[in-house]
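The structure appears right after this line, and notes come after that.
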Amino acid sequence: MSEQIITTEVVIIGAGPAGLFQVFELGLLGIKSHILDTLKAPGGQCTELYPDKPIYDIPALPICGAQELVDRLMEQIKPFGAGLHLGEEALELNKQPDGRFRLVSSAGTVFDTGAVVIAAGVGSFQPRRLGVEGAESFEGSQLHYSVKNAADFHGRKLVIFGGGDSALDWTLALAPKASSIALVHRRAEFRGAPASVAQMRELVAAGKVKLVEGLAHSLLHDDGRIKGVHIKTSSGALELLDAEQLLVFFGLAPKLGPIAEWGLDIDKKAIKVDTEKFQSNIPGIFAIGDINTYPGKKKLILSGFHEAALAAFAIQHHLYPAKKQFLQYTTTSPAMHKRLGVPD
Ligand SMILES: Cc1cc2nc3c(=O)[nH]c(=O)nc-3n(C[C@H](O)[C@H](O)[C@H](O)COP(=O)(O)OP(=O)(O)OC[C@H]3O[C@@H](n4cnc5c(N)ncnc54)[C@H](O)[C@@H]3O)c2cc1C
């Protein structure tokens with residue numbers, strides 16, 4: 001793990017639409033932020049769950065694709081040069097004696113920050129697990145939920161689970177390199193791109209990939225090593241597949257994760273906030289977007305945007321209590337134009 005300490009005014013946890021817009025609202029007030037997300041791409045649910053779907057309730061954009069919205073937000077926050085830390089989960093958050101916060105990410109990045117905004121949506125997206133007894137102890141050695149180095153799987157007996165694009169893409173990529181490869185999916189239909197499905201079926205017809213319709217039932221292991229996996233096939237019979245490495249692509253599911261351990265007042269997996277500052281029970285920790293709750297809360301992108309605007313003013317006051325606050329319009333404020341890089 002790399003060791004890096006970043007001192008900043010604000011850290012935003014979650015690069016979904018609410019977190020991205022928080023960068024903008026803070027930037028307008030001249031406040032610098034860093035933003036981190038467990039996922040490798042910004043956009044939260046929009047990018048992860050429905051990138052191609054149109055959204056109809058963004059003000060002044062009658063139709064906007066979900067990924068398009070994220071791309072537009074990324075464009076809008078560019079002038080503020082926020083530090084973007086993708087593929088990093090916020091793991092630890094502690095208040096320091098001087099009132100600042102120490103936040104540590106899964107990549108070992110340490111932030112020393114004056115305030116924290118939690119914009120974690122429905123939580124951190126984690127891979128859906130294989131769900132057979134004893135599987136956890138093989139994670140990272142013989143059981144994988146992502147591929148870090150494809151060469152690790154060359155010359156191996158592989159069993160790949162899943163019916164979406166990841167399972168298909170890796171089946172196609174590794175078929176020429178693996179010693180053997182089986183693809184296990186719970187049903188006959190695949191969710192992946194039709195062209196990939198067709199290519200996979202060609203490999204099956206050519207005897208290069210074994211296709212099994214069924215569910216993982218149990219692992220066959222000996223001496224602490226996986227030797228195979230029993231599949232309960234659609235006919236109800238058990239079939240043993242030889243395996244040295246298992247690759248599982250069941251998609252991602254959100255989990256509140258480490259946030260639940262930070263001493264925050266949480267109600268039904270959401271952080272309780274007030275509706276003036278969107279501050280949690282811990283002064284200096286704010287929560288916006290789908291992750292928060294208050295009377296009348298509606299989990300809409302629009303709500304997250306509004307919350308980001310009010311939270312920005314509250315954060316400014318938290319960081320600089322002596323500073324006089326006043327509302328400026330982006331249309332006419334020279335200070336805001338400067339921050340936005342707009343020539344006056
Ligand atoms: C199919 C579908 C259609 C929808 N359509 C609409 C619509 O038409 N209009 C509308 O207004 N809303 C719609 N929504 C809801 C909308 O997508 C959410 O309200 C919005 O995404 C919430 O934004 P957010 O930034 O609060 O959270 P999210 O988009 O959930 O983003 C949160 C981010 O935080 C990250 N994160 C969580 N925990 C951590 C951690 N510990 N460390 C680092 N990162 C972390 C997550 O990985 C995630 O990327 C729809 C939702 C779905 C699923």
Side-chain angles (χ1 to χ4, degrees), residues 11-25 33-70 72-74 76-77 82-94 101 103-111 113 116-128 146 251-262 264 266 269-271 273 278 280 285-294 297-309 311:
V11 172
I12 301 164
I13 301 170
L20 294 176
F21 199 60
Q22 187 68 77
V23 172
F24 181 78
E25 287 295 325
S33 58
H34 282 255
I35 182 163
L36 66 158
D37 203 297
T38 314
L39 297 176
K40 294 248 162 66
Q45 292 171 56
C46 294
T47 300
E48 197 53 39
L49 302 180
Y50 60 106
D52 302 325
K53 286 204 165 55
I55 305 175
Y56 300 96
D57 56 349
I58 303 298
L61 288 175
I63 303 179
C64 183
Q67 185 58 50
E68 181 193 347
L69 179 76
V70 174
R72 284 171 178 268
L73 284 165
M74 289 300 287
Q76 195 171 19
I77 67 173
L84 184 58
H85 306 263
L86 295 172
E88 290 193 41
E89 183 177 24
L91 289 185
E92 290 169 31
L93 179 63
N94 293 295
F101 295 90
L103 189 149
V104 185
S105 85
S106 54
T109 315
V110 179
F111 296 91
T113 180
V116 175
V117 181
I118 303 178
V122 280
S124 203
F125 285 97
Q126 309 278 345
R128 287 198 177 87
S146 63
L252 300 171
K255 275 212 179 117
L256 197 52
I259 294 168
E261 277 132 49
W262 295 344
L264 295 160
I266 290 179
K269 297 189 185 169
I271 300 169
V273 291
F278 297 94
S280 71
I285 302 184
F286 300 78
I288 61 160
D290 279 13
I291 194 78
N292 75 12
T293 183
Y294 51 84
K297 168 74 183 183
K298 298 285 176 282
K299 292 188 179 188
L300 289 171
I301 294 165
L302 178 71
S303 316
F305 289 171
H306 160 78
E307 293 160 15

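Model, not experiment: these values are computed from the prediction. As the structure lists them, so they are numbered: ligands from 1, and atoms in each ligand from 1. Counting begins at 1 with the first residue of the sequence.
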Ligand-residue contact atoms, ligand 1 with [X], heavy atoms, under 4.0 Å:
X: A18; value: 24 (P), 25 (O), 26 (O)
X: L39; value: 47 (O), 49 (O)
X: E88; value: 43 (C)
X: E89; value: 40 (C), 41 (N), 42 (N), 43 (C)
X: I13; value: 39 (C), 40 (C), 42 (N), 43 (C)
X: A119; value: 32 (C), 33 (C), 34 (O)
X: K299; value: 19 (O)
X: V122; value: 30 (O)

Hey, are S105 and E88 close enough side-chain-wise for a donor-acceptor pair under 3.5 Å?
-> yes
Can we call the ring centroids of F305 and F21 under 6.0 Å apart?
-> yes
Centroid separation H85 to F111 less than 6.0 Å | yes
What residues, two or more places apart in sequence or in another chain, satisfy ring pair (Phe, Tyr, Trp, His ring centres under 6.0 Å) together with Y50?
-> none
What pairs with F101 under ring pair (Phe, Tyr, Trp, His ring centres under 6.0 Å), at least two apart in sequence or on another chain?
-> none
Please check this pair: side chain of [X] against backbone of [Y], looking for a donor-acceptor N/O pair closer than 3.5 Å.
X: E68; Y: G65; answer: yes
X: T113; Y: V11; answer: yes
X: D37; Y: P42; answer: no
X: K269; Y: G123; answer: no
X: S280; Y: L264; answer: no
X: E307; Y: G289; answer: yes

[atom] [closest protein heavy-atom partner, distance rounded to 0.1 Å]:
atom: atom 29 (O) of ligand 1; value: Q45 N, 2.9 Å
atom: atom 41 (N) of ligand 1; value: A90 O, 3.3 Å
atom: atom 43 (C) of ligand 1; value: T38 OG1, 3.2 Å
atom: atom 34 (O) of ligand 1; value: G14 CA, 3.2 Å
atom: atom 48 (C) of ligand 1; value: D37 OD2, 3.4 Å
atom: atom 14 (N) of ligand 1; value: Y50 OH, 3.3 Å
atom: atom 11 (O) of ligand 1; value: I301 N, 2.9 Å
atom: atom 27 (O) of ligand 1; value: G121 CA, 3.1 Å

Look only at interatomic distance and state if [X] has a nitrogen or oxygen under 3.5 Å from any nitrogen or oxygen of ligand 1.
X: D57; value: yes
X: D290; value: yes
X: G289; value: no

For ligand 1, is any non-hydrogen atom under 4.0 Å from K53's backbone (N, CA, C, O), its side chain (CB onward), both, or neither?
-> neither
Counting heavy atoms under 4.0 Å, the part of A120 that contacts ligand 1 is both
Side chains of K255 and V122: closer than 4.5 Å at any heavy-atom pair?
-> no
Validation row: L256, I291 side chains within 4.5 angstrom (heavy atoms) = yes
Can you tell me if G123 has a non-hydrogen atom under 4.0 Å from ligand 1?
-> yes
